Protein chains: 2
Amino acid sequence: MALSKNKIQEIRKLHQKKFREELKLFLVEGTKSVSDLLASGLHVREILATESWVTRHSALCGKADITILSRAEMDRISMLTAPQEVIAVVATPHFEVTDINPAQPLLVLDDIRDPGNLGTILRTADWFGVLQVLCSASTVEVTSPKVIQATMGSFTRVKVIYSDLSQYLDSIAGNRRILGTFMSGSHIGDIRFCAGDILIIGNETNGISPEIAMRVTDRVHIPATCHTVSHAESLNASVAAGIAMFCWMG
Amino acid sequence: MALSKNKIQEIRKLHQKKFREELKLFLVEGTKSVSDLLASGLHVREILATESWVTRHSALCGKADITILSRAEMDRISMLTAPQEVIAVVATPHFEVTDINPAQPLLVLDDIRDPGNLGTILRTADWFGVLQVLCSASTVEVTSPKVIQATMGSFTRVKVIYSDLSQYLDSIAGNRRILGTFMSGSHIGDIRFCAGDILIIGNETNGISPEIAMRVTDRVHIPATCHTVSHAESLNASVAAGIAMFCWMG
């Protein structure tokens, strides 16, 4: 069955943030991500796959609504330079700050802009059992294809909430320790993290913004090892987040 | 002075690996990378910049050979979607295994394929003072534009050697501890690393190859924190490398 032009256009719309937000739908591509998706509680609207993929993954598909496409059709709706044999159309889950469990670890992202970094941070958070992440409104959109791809399926397990960070941090002030990574502060290896802590990671270029920095109770730092006069000015945000989560939860 | 069509073509050739290898030249784009470059011992053949950039960075330029270009010309030779105001043409440095200092820490990369990962790993290595990195021949080329960009200037400080890993590891066997990150092994936080250790990071999908794994003396592991039945299957290679280098050198 050939896919109608209209249908292809409908799906291709979801390559754009504007339509993902308007339609509250996003695309998930590739076997690993789709199989994590089908094992999750997320609402899969539709699966588009080649006949060969469906044959090889019949156990996975269960009662999902599947449309069989040709390779050429898959190539037309794919967002990747190396198109996959399966794409799912998924309803965007919506979480609010009231969904945050105060007894569980919370990672806060203050303006992470690079999709690869956000995806990698969510994958690392999933690895270390940090299953709720609060993002500033300026943080890159989690349903962007590059983010979804970089999470390697972790978008199905980590709850991502977009909200005003200052407002949330003020609402819990005094109850939880709020740690932030900075260019100076206590050696991160010396911190005795508690599961109930909140950890803030800042923007790739500017770090944690002044407005959020003033709400941090404990400044932590990943020290450089200096053999030479000069060295890297900073760590990549997802590497810093990885080291911080390792110290916290590892 | 307008740049000749020939000259533009010459420079654009360096967008391709084939010509970078043939001409032993590569391109470095942006103020941060070019300023690190000019402070390094690397041989800068030529700098191409807008007049406005040169005016703002006259102190930086010193006696470098600078060609002034228009914004439109810069856009034509740029490799980036957001072209910068300065591009340098640089002679590719060449290192061999005989350049490895056996008293210094050595990071070994077994088939890192993603340019962003290689760049990020070199940036992290620079941060932690791991200033020599031995790569398998299959590891992505360090002078690729995406690698250079992701290093954020660290390509000027970290010595990158491409060679046969098995041969090198056999040549030093018995003299240095060879650690590798695996999906099982000693908890990486329990290892007492020495500066003279060798640390191996494997491929993004397959980890350390069997041929190299058999040469590892100490298997180390970054444990996941399991609150739930399922979690991320693995960490991103540059995050795993970051955590390992933090444990080693941090």
Side-chain angles (χ1 to χ4, degrees), chain A residues 32 35-36 39-40 104-105 114 116-117 119-131 146 150-158 187-190 195 204-205 221-250, chain B residues 32 35-36 39-40 101 104-105 114 116-117 119-131 146 150-158 187-189 195 204-205 221-250:
Chain A
K32 161 74 179 135
S35 68
D36 281 14
S40 77
Q104 291 293 322
D114 181 82
N117 281 342
T120 302
I121 290 171
L122 295 179
R123 179 178 173 187
T124 311
D126 184 23
W127 181 261
F128 287 119
V130 178
L131 302 178
K146 283 186 183 166
T151 71
M152 295 291 284
S154 294
F155 72 94
T156 61
R157 290 175 293 267
V158 180
H187 189 310
I188 198 161
D190 295 339
E204 287 88 347
T205 308
H221 171 57
I222 303 168
T225 312
C226 302
H227 292 314
T228 46
V229 181
S230 63
H231 60 72
E233 272 176 23
S234 62
L235 286 168
N236 165 281
S238 61
V239 170
I243 293 170
M245 284 190 268
F246 168 77
C247 292
W248 185 15
M249 306 292 294
Chain B
K32 161 75 180 136
S35 68
D36 281 13
S40 78
N101 180 340
Q104 291 293 322
D114 180 83
N117 281 343
T120 302
I121 290 171
L122 295 179
R123 179 179 173 187
T124 311
D126 184 22
W127 180 262
F128 287 120
V130 179
L131 302 179
K146 282 185 184 167
T151 71
M152 295 292 284
S154 294
F155 71 93
T156 61
R157 289 176 293 267
V158 180
H187 188 309
I188 199 162
E204 288 89 347
T205 308
H221 171 55
I222 303 169
T225 312
C226 302
H227 293 314
T228 47
V229 181
S230 64
H231 59 72
E233 271 177 24
S234 62
L235 286 168
N236 164 282
S238 61
V239 170
I243 293 169
M245 285 189 267
F246 169 76
C247 291
W248 186 14
M249 306 292 295

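Quantities reported herein were computed from a predicted structural model and do not represent experimental measurements. Letters go in sequence order (proteins before strands), and every chain restarts at 1.
- Put simply, of P223(A), S238(A), G153(A), the one with the most heavy-atom pairs under 4.5 Å next to chain B is P223(A).
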Candidate pair I222(B) and F128(A), rule side-chain contact (heavy atoms from CB on, under 4.5 Å), full reasoning: CA-CA 10 Å; I222(B) 303 169; F128(A) 287 119; 3.8 Å; yes
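- The aromatic rings of F246(A) and F246(B) sit perpendicular to each other, their planes meeting at more than 60°, with 30° as the lower class boundary.
- Evaluation of the side-chain hydrogen bond (donor to acceptor under 3.5 Å, both in side chains) rule for S234(B) yields R123(A) as partners, not counting sequence neighbours.
- Partners of K32(B) by salt bridge (Lys or Arg N to Asp or Glu O under 4.0 Å), not counting sequence neighbours, listed by chain and number: E233(A), D36(B).
- Options N236(B), V239(B), T156(B) differ in how many heavy-atom pairs under 4.5 Å they form with chain A, and the most are formed by N236(B).
- For S154(B), the part lying under 4.5 angstrom from a heavy atom of chain A is the side chain only.
- One N or O on the side chain of T225(B) and one on the backbone of M249(A) form a donor-acceptor pair closer than 3.5 Å.
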